[in-house]
Trainee: 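Dumping the structure here so I can ask a few things about it.
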There are 2 protein chains.
Amino acid sequence: MIMSKTTIVDIALALGITPSTVSRALAGNKKIKESTREAVRAKAKELGYERNEVASNLRRGVTKTVGIIVPRINREFFSSIISKAEEVLVEAGYSLLICQTYEKAENEKRALKTLSSSRLAGIMISHSAETPSSKAIKETIHGSKIKLVQFDRVFEDLPGSRVVNDDFNGAYTAVKHLIERGYKKIGAMVGYDTCLAFVNRYKGYEAALKEAGMPVDSALVFPETIVRETGYANAGKAIDAGCDALYSSGDFSALGALECALERGLRVPEDFAIVGTANESFTALTTPSMSSVDQHPSDIGRQAAEAMLRLLNGDTAGEEIIVDTELIVRESTGGKNNKSNKSLIL
Amino acid sequence: MIMSKTTIVDIALALGITPSTVSRALAGNKKIKESTREAVRAKAKELGYERNEVASNLRRGVTKTVGIIVPRINREFFSSIISKAEEVLVEAGYSLLICQTYEKAENEKRALKTLSSSRLAGIMISHSAETPSSKAIKETIHGSKIKLVQFDRVFEDLPGSRVVNDDFNGAYTAVKHLIERGYKKIGAMVGYDTCLAFVNRYKGYEAALKEAGMPVDSALVFPETIVRETGYANAGKAIDAGCDALYSSGDFSALGALECALERGLRVPEDFAIVGTANESFTALTTPSMSSVDQHPSDIGRQAAEAMLRLLNGDTAGEEIIVDTELIVRESTGGKNNKSNKSLIL
DNA sequence: TATAATTGTGCAAACGTTTGTAAAAAATAA
DNA sequence: TTATTTTTTACAAACGTTTGCACAATTATA
């Protein structure tokens, strides 16, 4: 027995009332008599009624869906953000649509178009590394009531809210830790200067050195070093230049650096120390285990989602939220073999 | 200048034609004169027209959105599936909505309701471990034209397509490998028997032993062992029972087992061998590195998405797709220190 | 030239809901 | 009782698109 979906009209007909009353009753409108509301609810249940969100969305001019745009879904950092954001949004009655850009500006543009076309309530975005400016988003947002929350990788000239790590402090703390452990020549593997997060981390590195009265040597700073291969290669250069420690803007490049140091017969952490960024779960499992700056991606996801809900409720026009970082000290900087890692429970 | 979105009516008015013609022109309908089509396209661009998908969806009775329901997004296995599925679906003009169940049957039910209410074109689902039967899904699907693709964790009494690993063979190959390496008493850490995948893996384990003329001792089989803690605990029991090798249905339990063996002073792989399942990226980084059965999650994601597209196109009523597994041999079973791992490139 | 076939557009209804306004019903006040 | 207020429900339009059918315009056939 194939049955077409029941509508409010079916319910109205069955009860001898009008669709508008049914609609209001189901919405819990106080203007509708308690007894009618009950009758409607009962009949709805009886007929297996399910609201057609599409029709509702069209009429209301906005959906109960939020889109999230990230470079890649299968990156622990992003999937943790998405996971928590989904939890918060679902709790508030919203759904989450995902798009990934693979770091391509072009894909980001396409994703924005799709989301805008679907009249989403809001967009949460972490820009692709290749996106040169906020132009494409500005055009999408302009004149539409769509709400915007940027996280992690943000542009500062866009409306809406932003959620970022305390990147400066994360790097500062990591480098200060290296200094306190007695390392004398500390290099840095950093990212792209189009990206604020990387710039701020570099500043933190610089500040920690200056505070300790140590020179900042640009020959020991390796830009655009965020993958394993470049980490491996540039660690070699750093070692050749006499570094006894490396701060890295990423865990994958730190992993490459660790492999390079070990291959060269250096003892880690006795001869050479490494601290990474992101606290990817694998950092707890390398030998030696790696110190890393945890970015609390779950918190970023929660904060971003909550900021979105506030925008949607009209509670705010935009805010800037800073999520703190946390240095996890492990063997690669002389800590204990702390293999525990929440993300590896299951 | 706040401008409300342009509609096809605006375009029609501007060109002195009707909305229906505009609609057809934009759809590329051949019945519309080439010159009109061009004029419409030009005007649409000029006015910054963007199709209202919501209205389109309502009229057509179906959306261009597919929902995906998984236990957890931030699990490497699932995020890899989602990532590839998203890529395939976007390519075909669909969007992807995500829901996670945290392994709770109740959340799965709610997710299904949401997706059904939003009139999605299809649902891709990997069931929560706690979902006892296909009942909830059956009710959601029943009488609706929504398409269903199950992957990884499936029920066999549901319509639509299924994408699963060759779990039997994955386990069989892994255990056979242990036998060939000379291990004599091989235990198994398996999952829940409500889940077909786990059952099939157990069968593969059993088959490999039988084929080699080795006894299958139920005292060496540890059910419901998929997390690190139970892996650690049950590995202790296995060692006490005289095992010299363990096959595990998961990498996290295998990790626990590895830690247990090392703590007890056993040499891995000389005294004790371990092979896990899923080839999580961390398996390449432990010391010793761990052998594991790769499930090719990306392939699962691609196959599931393509199966969904075929269902949506009406090319098929349902199919069963088997994705092959691949044993990655590393140090924990006497292989070389193969640290390379595609998921760790960046 | 008339007729038929073909091609290109217009008309209007429909998708299922929400909501402003009007009207009916019930309750209260005069 | 009638007038007034309050409560409850109905009416109808709207959201922006798609699409079956009808009709007009054009071209081909007789």
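Throughout, a chain's letter reflects where its sequence line sits, starting with A, and its residues are numbered from 1.
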Trainee: Which comes earlier along DNA chain D counting from the 5' end, the contact point of A/Lys31 or that of A/Leu58, where each point is its nearest nucleotide?
Mentor: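 Its nucleotide being nearer the 5' end, the pick is A/Lys31.
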
Trainee: Restricting to pairs with a member in residues 51-66 of chain A, which pass salt bridge (Lys or Arg N to Asp or Glu O under 4.0 Å), not counting sequence neighbours?
Mentor: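 Residue pairs passing salt bridge (Lys or Arg N to Asp or Glu O under 4.0 Å), neighbours aside: A/Arg51-A/Glu53.
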
Trainee: Once you build an axis from the first five pairs and another from the last five of the helix from C/dT1-D/dA30 to C/dA30-D/dT1, how far apart in angle are they, to 10 degrees?
Mentor: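 The value is 60°.
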
Trainee: Within the 4.0 Å limit for protein heavy atoms, which parts of nucleotides 21-27 of chain C are touched? Write it as a string from 5' to 3', B for base, S for sugar-phosphate only, - for none.
Mentor: -------

Trainee: Using the heavy-atom set of chain B and a strict 4.0 Å cut-off, write down the first and last nucleotide of DNA chain D that makes it in, 5' to 3'.
Mentor: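 First and last nucleotides in contact are D/dG16 to D/dG20.
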
Trainee: Are there more than 12 heavy atoms of other residues, nucleotides or ligands under 6.0 Å from atom CD of B/Glu106?
Mentor: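 For B/Glu106, atom CD is not crowded (no more than 12 foreign heavy atoms under 6.0 Å).
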
Trainee: Counting the atoms with a prime plus P, OP1 and OP2 as sugar-phosphate, which does A/Ser20 contact under 4.0 Å by heavy atoms, base, sugar-phosphate, or nothing?
Mentor: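 Answer is base: heavy atoms of A/Ser20 come under 4.0 Å of a base.
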
Trainee: Is a donor on one side and an acceptor on the other found under 3.5 Å between the side chain of A/Gln100 and the backbone of A/Ile73?
Mentor: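 Yes, the answer is positive, given that a donor and an acceptor are paired below the 3.5 Å cut-off.
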
Trainee: Partners of B/Phe155 by ring-ring contact (aromatic ring centres under 6.0 Å, His included), sequence neighbours excluded?
Mentor: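 For B/Phe155 the ring-ring contact (aromatic ring centres under 6.0 Å, His included) partners, ignoring immediate neighbours, are B/His127.
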
Trainee: Under 3.5 Å, sequence neighbours excluded: what are the donor-acceptor pairs made by side chains of residues 304-318 of chain A?
Mentor:
from	atom 1	to	atom 2	distance (Å)
A/Arg310	NE	A/Glu319	OE2	2.6
A/Arg310	NH2	A/Glu319	OE2	2.9
A/Asn313	ND2	A/Leu309	O	3.3
A/Thr316	OG1	A/Gly318	N	2.9
A/Thr316	OG1	A/Gly318	O	3.4

Trainee: Could you tell me which residues satisfy side-chain contact (heavy atoms from CB on, under 4.5 Å) with B/Ser128, sequence neighbours excluded, listed by chain and number?
Mentor: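 In terms of side-chain contact (heavy atoms from CB on, under 4.5 Å), with neighbours along the sequence ignored, B/Ser128 is linked to B/Thr101, B/Glu103, B/Glu108, B/Glu130, B/Thr131.
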
Trainee: When all nucleic acid strands are considered with a 4.0 Å heavy-atom cut-off, which category describes A/Lys33: base, sugar-phosphate, or nothing?
Mentor: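 Sugar-phosphate: the residue A/Lys33, judged by heavy atoms under 4.0 Å, touches backbone atoms but no base.
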
Trainee: Is A/Ser23 touching bases, backbone alone, or none of the nucleic acid, heavy atoms closer than 4.0 Å?
Mentor: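 The answer is base, as A/Ser23 lies within the cut-off (heavy atoms under 4.0 Å) of a base atom.
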
Trainee: If you assign each of B/Arg119 and B/Ser35 to its closest nucleotide in DNA chain C, which residue comes earlier from the 5' end?
Mentor: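 Closer to the 5' end of DNA chain C: B/Ser35.
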
Trainee: Which residues satisfy the salt bridge (Lys or Arg N to Asp or Glu O under 4.0 Å) test with A/Glu91, sequence neighbours excluded?
Mentor: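 Salt bridge (Lys or Arg N to Asp or Glu O under 4.0 Å) check on A/Glu91 returns nothing, list empty.
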
Trainee: Checking A/Val323 now: which residues fulfil side-chain contact (heavy atoms from CB on, under 4.5 Å) with it, not counting sequence neighbours?
Mentor: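 By the side-chain contact (heavy atoms from CB on, under 4.5 Å) rule, A/Val323 matches A/Val163, A/Asn165, A/His296, A/Asp299, A/Ile300, A/Gln303.
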
Trainee: Can you pull the salt bridge (Lys or Arg N to Asp or Glu O under 4.0 Å) pairs that have at least one residue in residues 142-152 of chain B, sequence neighbours excluded?
Mentor: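 Qualifying pairs: none.
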
Trainee: Need one value for A/Ser56: base, sugar-phosphate or nothing, where a base atom within 4.0 Å counts as base even if backbone is also close, heavy atoms only.
Mentor: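 Contact class for A/Ser56: sugar-phosphate only.
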
Trainee: Please confirm whether the shortest side-chain N or O distance from B/Thr18 to OP1 or OP2 of C/dG10 is below 4.0 Å.
Mentor: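 Affirmative; the distance criterion is met.
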
Trainee: Let me know the distance between CZ of A/Arg60 and P of C/dT19, rounded to the nearest Å.
Mentor: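 Value for this atom pair: 8 Å.
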
Trainee: Sequence neighbours left out, what passes side-chain contact (heavy atoms from CB on, under 4.5 Å) with A/Glu46? Give chain and number order.
Mentor: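 Per chain and number, A/Glu46 pairs via side-chain contact (heavy atoms from CB on, under 4.5 Å) with A/Lys43.
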
Trainee: With sequence neighbours excluded, what pairs up with A/Ser298 under the side-chain contact (heavy atoms from CB on, under 4.5 Å) test?
Mentor: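 A/Ser298 satisfies side-chain contact (heavy atoms from CB on, under 4.5 Å) with A/Lys84 only.
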
Trainee: On DNA chain C, compare the nucleotides closest to A/Val9 and B/Thr36; which residue's is nearer the 5' end?
Mentor: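 Comparing both residues, the 5'-ward one is B/Thr36.
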
